[in-house]
Protein chains: 2
Amino acid sequence: METVERAAATAGAAAIGPCAAIPAEHMDFIRQTLDRVGDKWSLLIIAVLEPGPLRYTDLQRQVPGISQRMLSLTLRQLGQDGLITRTAYAEVPPRVEYTLAPLGRGLHEIVTSLIGWAADHHDEIRANRERAATTGS
Amino acid sequence: METVERAAATAGAAAIGPCAAIPAEHMDFIRQTLDRVGDKWSLLIIAVLEPGPLRYTDLQRQVPGISQRMLSLTLRQLGQDGLITRTAYAEVPPRVEYTLAPLGRGLHEIVTSLIGWAADHHDEIRANRERAATTGS
DNA sequence: CGGGATCCTATTAGATACTG
DNA sequence: CAGTATCTAATAGGATCCCG
């Protein structure tokens with residue numbers, strides 16, 4: 001709790017403003033939630049699910065490169081966390097639809113921002129990275 | 001910002017619903033950028049760097065649980081991508097400061113949203129997860 | 001103080017094959 | 001169609017030692 005203030009003192013009086021970064025007590029569940037949502041596929045699936053319900057196969061098509069295994073796994077976790085909803089229709093052939101739950105819809109806005117940012121700055125980042133590699137890391 | 005809408009328009013007739021999710025062409029670098037930024041520590045480091053420059057040791061203290069290795073690695077990558085800036089002062093004892101670069105500052109706003117969301121819905125997510133576990137997954 | 005190099009383990013992710 | 005199961009390769013991550 002005093003960690004931040006002490007850091008401020010160390011960095012010098014001029015450095016740090018009124019808004020301390022993150023209270024140490026919150027770090028833990030921030031990390032947990034970030035881990036859950038920040039994995040390789042979750043955000044992508046949430047992004048893809050925004051326009052409306054999708055079936056398993058559709059998801060697989062719209063998230064290129066994802067394996068069946070990871071799709072199943074991620075869907076199950078997102079479902080358990082209440083971010084998406086799974087609806088199975090008892091018909092033949094079987095049909096299962098995944099929908100963004102309210103919780104996931106809230107997250108979606110942020111995901112959109114993040115994806116927008118990624119799209120906007122992708123070139124810049126790549127340029128930076130290549131320059132760094134050229135400059136001799 | 002408009003990237004997403006433009007993307008939707010580009011996808012056009014080929015897609016299913018009214019508002020197509022993400023054009024397949026963009027999926028790739030979105031994934032790349034998301035991977036870079038969505039790893040275990042990057043977002044946290046960016047969040048912690050927002051108030052002002054921090055030294056290596058300060059970072060290590062403010063991001064609990066991070067190892068020297070991961071801190072070094074993540075800092076280097078963020079630096080190469082141009083999200084943060086490393087400044088070394090040639091003095092004894094040596095002092096090195098890490099600062100959010102403009103690019104990283106832009107990302108920071110999104111990170112803040114994400115952290116805010118995580119803080120707001122952490123309890124809900126945990127409840128959902130436990131209920132799912134109890135219900136027999 | 002600010003790391004780099006190395007070793008080793010745990011977790012993750014992909015491919016493949018199979019099922020209701 | 002919508003998954004599960006299993007096996008394996010790759011990677012992430014932690015611990016430790018060491019150096020400028």
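Below, read A as the first sequence line, B as the second, and so on, with proteins coming before strands; counting in each chain starts at 1.
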- If we fit an axis to the first five pairs and another to the last five of the helix from C/dC1-D/dG20 to C/dG20-D/dC1, what angle do they make, to the nearest 10°? 50°

- Nucleotide nearest B/Met70 when distance is taken to its side chain, options C/dG3, D/dG14, D/dG3: D/dG14

- For A/Arg31, which residues count as a side-chain contact (heavy atoms from CB on, under 4.5 Å) partner, sequence neighbours excluded? A/Asp35, B/Lys40, B/Trp41, B/Leu44

- A/Glu124 meets the salt bridge (Lys or Arg N to Asp or Glu O under 4.0 Å) criterion, sequence neighbours left out, with none

- Task: Return the set of residues passing side-chain contact (heavy atoms from CB on, under 4.5 Å) with B/Glu130 (not counting sequence neighbours), or none when no residue passes.
- Result: B/Arg126

- Task: Return the set of residues passing side-chain contact (heavy atoms from CB on, under 4.5 Å) with B/Ser72 (not counting sequence neighbours), or none when no residue passes.
- Result: B/Tyr56

- Only counting residues at least two apart or in another chain, list the ones meeting side chain to side chain donor-acceptor pair (under 3.5 Å) with B/Arg69. none

- Residues that A/Ala88 engages under side-chain contact (heavy atoms from CB on, under 4.5 Å), provided they are two or more places apart: A/Arg86, A/Val96

- So which nucleotide from D/dG14, C/dG3, D/dG3 ends up closest to the side chain of B/Trp41? D/dG14

- Note on the structure: Of C/dG14, D/dG14, D/dA2, the nucleotide closest to the side chain of A/Arg95 is D/dA2

- Item | Selected nucleotide, minimal atom distance to A/Lys40 side chain, candidates D/dC1, D/dG3, C/dA13 | C/dA13

- Who pairs with A/Arg129 by side chain to side chain donor-acceptor pair (under 3.5 Å), at least two apart in sequence or on another chain? B/Asp81

Output a table of nitrogen or oxygen pairs between the protein and nucleotides 8-11 of chain D separated by less than 3.5 Å.
none

Report, one pair per line, the protein and nucleotides 15-20 of chain C atoms (nitrogen or oxygen only) whose separation is under 3.5 Å.
| from | atom 1 | to | atom 2 | distance (Å) |
| --- | --- | --- | --- | --- |
| C/dA17 | N6 | A/Gln68 | OE1 | 3.3 |

Donor-acceptor pairs under 3.5 Å, side chain of residues 105-112 of chain B to any protein atom, not counting sequence neighbours: which ones?
| from | atom 1 | to | atom 2 | distance (Å) |
| --- | --- | --- | --- | --- |
| B/Arg105 | NH2 | B/Leu100 | O | 2.7 |
| B/His108 | NE2 | B/Thr112 | OG1 | 3.0 |
| B/Thr112 | OG1 | B/His108 | O | 3.0 |

- Message: According to salt bridge (Lys or Arg N to Asp or Glu O under 4.0 Å), does anything in residues 95-104 of chain A pair up with another residue at least two apart or in another chain? List the pairs.
- Response: A/Glu91-A/Arg95, A/Arg95-A/Glu97

